[in-house]
There are 2 protein chains.
Amino acid sequence: MTAPNTEILAKAIQQLSATSAASLAQLCIAAAPRVLSKREALHRAGKPCESVWFVEKGYLRAFQADEAGRELNHCFYLENSFATDLVSLRTHQPSVLTLQAGEPTLVWEWPKQRLLDLYATSIEAAQFGRMLLGYLLLKQERQTRFFQHYGPAERYAHLLREQPALVQRVSVSQLASYLGMARETLSRLRSA
Amino acid sequence: MTAPNTEILAKAIQQLSATSAASLAQLCIAAAPRVLSKREALHRAGKPCESVWFVEKGYLRAFQADEAGRELNHCFYLENSFATDLVSLRTHQPSVLTLQAGEPTLVWEWPKQRLLDLYATSIEAAQFGRMLLGYLLLKQERQTRFFQHYGPAERYAHLLREQPALVQRVSVSQLASYLGMARETLSRLRSA
DNA sequence: GATTACGTGTGACAAAAGGCACAAAATGCG
DNA sequence: CGCATTTTGTGCCTTTTGTCACACGTAATC
């Protein structure tokens, strides 16, 4: 694992919202690096989520346990993604989901309050916040359409085309759960 | 149709983000009322989307035409919702979706640039923008889970529980498309 | 290095959903 | 009001997906 490197973070922020050097530094300083080993939990269901993370290396898996105790995978956050449990973050309710590293992983952690303070005092920081949410919302809308109007075969084909890295790095059973199909169905789609 | 009434709009804004009277007025003044008759298009696929709307009365349907020419319903915006085509709004690309009134409808329209100007000059307006996006993102995440991990029967039951008004007001074929199932499947679920 | 646990592929069957056809009901329009 | 058009419900059959069972290979453990 290479040493934490604020430059990657800074680049990701700049990419979302052109920001002055001063505001950029404010945002970067507000985040602390955190290293996770494979399968280590970054955030556990049951606790309120109080942070936003940025994945520099490795990846995170967000999942929820259903009534039967099976894991429902919500999504994966690969390198260069911003992750949080927005539901818990906004509602202050305990999280239903767990964030876990799928590989040795390096993230940057922002305490929620730190971000809110910045947003309230700096219009540039606020703009970054808006841009980040806008970007996430756009992705999430695409995600919804993906599940709303595609069947299992189309979903797998689409994922293979758009995110081949994800298909490589994640186990078949976790991918199947993410794709909303039975493990066996995905296994058959793969061998077809 | 009752006359346009800024108070409903003001209330919706306040509910998202506590805002001073001055900022609130700025936001309200920036929007213009617009009346639509049933089936009238508010925004057509092919044009870039340059506005954000708030639905005061009636409802909007967002749909896309697939390769076969069938309409894929993305979602419905009932009273008190904020609507736009975020993909087009952010990317400046022509829209793939059309927004159409499902009933005689009254909306408030914000030109995108007006909002951006406000966001750039007022930290309170920027906060409203962030709150709105956060709220929409939260809803959209729920929406994704809904399609990702629920089957047709669960989806219908859930919708009936959470949004009975929608089920009443929208035709079966449009609802089915929205729910990601065949018209016949929904028809059978209803009579079960 | 043998043993165990786990993840994955695959066959057989059951259940669910889709597609087509058509009749009944509702809606729109002159 | 009555005719035409659209929408909805339903039977029949096909296709797809899920479930269960088990074999195989790989990786973890002692």
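To find a chain, count down the sequence lines: A is the first, B the second, and so on, and within it residues start at 1.
Computed from coordinates, the B/Tyr150 OH to C/dA17 P distance equals 15 Å when rounded to whole Å. Going from atom CZ of B/Phe147 over to atom C1' of C/dA17 covers 16 Å, rounded to whole Å. In this structure, CD of B/Gln174 is placed 12 Å from C1' of D/dT6, rounded to the nearest angstrom. We find that CG of B/Leu189 is positioned 17 Å from P of C/dA15, with the value rounded to whole Å. In this structure, CG of A/Leu186 is placed 13 Å from P of C/dT10, rounded to the nearest angstrom. For the pair A/Leu179 CG and D/dT16 P, the computed distance is 18 Å after rounding to whole Å. In this entry the distance linking CG of A/Leu175 with P of C/dG9 reads 11 Å, nearest Å.
Taking 4.0 angstrom as the limit, A/Ser191 places a side-chain polar atom (N or O) nearer than this to OP1 or OP2 of C/dT10. Residue A/Thr185 places at least one side-chain N or O closer than 4.0 Å to OP1 or OP2 of D/dG18. OP1 or OP2 of C/dT10 has not a single side-chain nitrogen or oxygen of A/Ser187 nearer than 4.0 Å.
For A/Glu184, taking side-chain heavy atoms from C-beta onward, the closest of the listed nucleotides D/dA21, D/dG18, C/dG19 is D/dA21. Distance from the side chain of B/Val172 is smallest for D/dT8 among the nucleotides D/dT8, C/dG9, C/dG19.
No donor-acceptor contact under 3.5 angstrom links the side chains of A/Ser51 and A/His43, judged on distance only. Side-chain N/O atoms of A/Gln140 and B/Thr144 include a donor and acceptor closer than 3.5 Å.
If you look at B/Tyr77 and B/Tyr59, their ring centroids are not closer than 6.0 Å.
Among the protein residues, A/Arg190 comes within range of the sugar-phosphate backbone only, with heavy atoms under 4.0 Å from sugar or phosphate atoms but none that close to a base.
Where B/Arg188 and B/Ser171 meet DNA chain D, the nucleotide closest to each residue was compared, and B/Ser171 sits on the side nearer the 5' end. Mapped onto DNA chain C by nearest heavy atom, B/Met181 and B/Lys38 fall at different nucleotides, with B/Met181 at the one closer to the 5' end. Taking the nucleotide of DNA chain C with the nearest heavy atom to each of B/Pro152 and B/Arg39, the more 5' of the two is matched to B/Pro152.
Cluster annotation: A/Trp108 is connected to A/Leu133 through the hydrophobic network of ILVMFWY side chains, with a link wherever side-chain heavy atoms come within less than 4.5 Å.
Annotation for B/Gly58 and B/Thr105: closest pair CA-OG1, 3.6 Å, computed over non-hydrogen atoms.
Looking at A/Arg183, its side chain has no donor and acceptor atom pair within 3.5 Å of the base of D/dG18.
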